[in-house]
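Inspection log for the structure reproduced underneath, given as structure tokens.
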Number of protein chains: 2
Amino acid sequence: MNSDFVIASHSLVLLANLPGHMANSEMIAENVCTNPARVRKIMSTLRKNGLVKTKEGIGGGYILNCDPEKTTLSQIYKASSYGSLKPHWCTGDPEKSCVISSNTQVIMDQIFNESELHLQSFFNQITISNVLERIKNLE
Amino acid sequence: MNSDFVIASHSLVLLANLPGHMANSEMIAENVCTNPARVRKIMSTLRKNGLVKTKEGIGGGYILNCDPEKTTLSQIYKASSYGSLKPHWCTGDPEKSCVISSNTQVIMDQIFNESELHLQSFFNQITISNVLERIKNLE
DNA sequence: TTAAACTGTATATATTAAATTTACAGTAGA
DNA sequence: TCTACTGTAAATTTAATATATACAGTTTAA
């Protein structure tokens, strides 16, 4: 699992909680504890997925472009980390004559794809607002 | 996600398919495409979880110690990779005064723990035999 | 009773992925 | 037209993953 998903979620929760729902990459990076360039890269993909809007130039930054009550972690996951559940390393070798060795990669691929669907159906139950509430209830 | 889970699953499927349900670390490593020391380490944890038995000395190796019809990927996951869903890198900083920054780690932790339970309930539907069938049906 | 073939495990090394840093072009507001 | 932003790429550093090596302990068989 890629940590882009965590950064993306954190950033959106932060924006949702901000008056005006806006912040620039430096402020977000400071809050998330990473560097502005990374934030910009991740926010850029969120923009391409319609979750935020971007404002360039002086006084610019990122503005929430979705309803936090309706937007779920599933959308954020899809935008930021689709396919990252499967480990990079794969077992077996398609060239081998052994049925197991040659076919395990394909089957494990299938299983991870199905797993990701299950994960998404779970993430789909959690909205940005839910996460924000949970955070505030900790206080 | 740790690839130990994939190696563990592959190895158990391989054993399940073998006459006598037995193989040594070198044979398994060759089939999985890794080195014998890694296989031994993973099989050693499977043994501690009762999924295989070990036979040391000449003619030794690993023997399946579970019913492949009843043993699920969930058990294998728990034995080999419990907790590996959560990324290593965590956002936010508990020391910060901002509610979001200081509490996101805890909440995301919770969310990943819950995610893992969902994943497990999916893995729990897939037995070693199921995986073996899927592999053979590819032929 | 000793040599051979295994496992168990630790440690060092190599490789790969992840994250940071730096840099700079493009854009918009003052 | 200067300044403060985003977008993006490339270089570097850091951390995680995987391999290789080594050797003690165990069992079997000659």
Side-chain angles (χ1 to χ4, degrees), chain A residues 1-8 10-11 15 18 20 22-65 79-81 83-93, chain B residues 1-8 10-11 15 20 22-49 51-65 79-81 83-93:
Chain A
M1 172 81 64
N2 194 320
S3 67
D4 284 4
F5 168 63
V6 184
I7 295 183
H10 184 146
S11 304
L15 288 183
L18 243 40
M22 171 151 183
N24 67 27
S25 64
E26 201 183 329
M27 291 162 64
I28 297 172
E30 160 78 13
N31 199 279
V32 162
C33 296
T34 184
N35 58 84
R38 188 173 186 194
V39 169
R40 291 202 288 273
K41 195 177 170 201
I42 293 169
M43 296 310 273
S44 178
T45 77
L46 293 184
R47 175 180 54 76
K48 286 167 192 159
N49 284 270
L51 297 176
V52 297
K53 267 194 287 196
T54 267
K55 209 177 160 191
E56 295 192 357
I58 294 180
Y62 301 95
I63 311 159
L64 202 64
N65 189 39
S80 63
S81 306
S84 73
L85 186 59
K86 190 179 78 173
H88 300 98
W89 202 88
C90 275
T91 66
D93 174 4
Chain B
M1 173 79 66
N2 194 319
S3 67
D4 283 4
F5 169 62
V6 185
I7 295 182
H10 184 144
S11 305
L15 288 184
M22 171 153 185
N24 67 27
S25 63
E26 200 183 329
M27 290 162 65
I28 297 173
E30 160 80 12
N31 200 279
V32 162
C33 295
T34 185
N35 58 82
R38 187 172 187 196
V39 169
R40 291 202 289 270
K41 195 176 170 203
I42 293 169
M43 295 310 273
S44 178
T45 78
L46 294 184
R47 175 179 54 77
K48 285 166 192 159
N49 283 272
L51 296 175
V52 297
K53 267 193 288 195
T54 267
K55 208 177 159 192
E56 297 191 355
I58 294 180
Y62 301 94
I63 311 159
L64 203 64
N65 190 38
S80 63
S81 306
S84 73
L85 186 58
K86 191 178 76 172
H88 299 98
W89 202 89
C90 276
T91 67
D93 174 4

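Values below: all heavy atoms of this structure, side chains included; hydrogens, waters and symmetry mates excluded. A note on names: the letters A, B, ... follow the listed sequences, proteins ahead of strands, and every chain is numbered from 1. Computed from a predicted structure; not experimentally measured.
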Looking across every strand, which nucleic acid part, if any, lies under 4.0 Å from A:Lys48 by heavy atom: base, sugar-phosphate, or nothing?
sugar-phosphate
Rounding to an integer number of Å, can you tell me how far A:Ile42 CD1 sits from D:dT8 P?
14 Å
Identify the 5'-most and 3'-most nucleotides of DNA chain C with at least one atom closer than 4.0 Å to a non-hydrogen atom of chain B.
C:dA4 to C:dT20
Map B:Gly60 and B:Ser44 onto DNA chain C by nearest heavy atom, then report which one ends up closer to the 5' terminus.
B:Gly60
Please name the pair of heavy atoms, one in A:Ala29 and one in A:Pro36, separated by the smallest distance, quoted to 0.1 Å.
CB-N, 3.5 Å
5' to 3', nucleotides 21-29 of chain D under a 4.0 Å protein heavy-atom cut-off (B base, S sugar-phosphate only, - none) gives BB--BBBB-
Between atom CZ in A:Arg38 and atom C1' in D:dT6, what is the gap in whole Å?
18 Å
Euclidean distance, atom CG of residue B:Asn2 to atom P of D:dT17 [Å, nearest integer]:
6 Å
Rounded distance (nearest 0.5 Å) linking atom OG1 of A:Thr91 with atom CG of B:Asp4:
11.5 Å
Could you tell me the separation between the CG atom of B:Asp4 and the C1' atom of D:dA16, rounded to a whole number of Å?
12 Å
Please round to the nearest 0.5 Å and tell me the distance separating atom CD1 of A:Ile42 and atom OG of A:Ser25.
11.5 Å
Residues passing the side chain to side chain contact (heavy atoms under 4.5 Å, CB included) test with A:Asn24, sequence neighbours excluded, are A:Glu26, A:Met27
Do the side-chain N and O atoms of A:Ser3 and A:Arg38 include a donor-acceptor pair separated by under 3.5 angstrom?
yes
Nearest-nucleotide check on DNA chain C, B:Pro87 vs B:Pro36; residue mapping nearer the 5' end is B:Pro36
Are B:Met43 and B:Leu46 side-chain neighbours, meaning at least one heavy-atom pair lies under 4.5 Å?
yes
Would you say D:dG7 has OP1 or OP2 under 4.0 Å from some side-chain N or O of A:Arg47?
yes
All heavy atoms of A:Ser11 vs all of A:Val32, minimum pair found to be OG-CG2, 4.0 Å
Would you kindly give the NZ-to-P distance between B:Lys41 and D:dT19, to the nearest whole Å?
12 Å
Determine: side-chain N/O of B:His88 to OP1/OP2 of D:dT17, distance under 4.0 Å, yes or no.
yes
Do B:Tyr62 and B:Ile28 have side chains that approach each other closer than 4.5 Å (heavy atoms only, starting at C-beta)?
yes
Under 4.0 Å between a side-chain N/O of A:Thr54 and OP1 or OP2 of D:dG7, yes or no?
yes
Nearest 0.5 Å please: distance from the CD1 atom of A:Ile63 over to the CG atom of A:Leu51.
14.0 Å
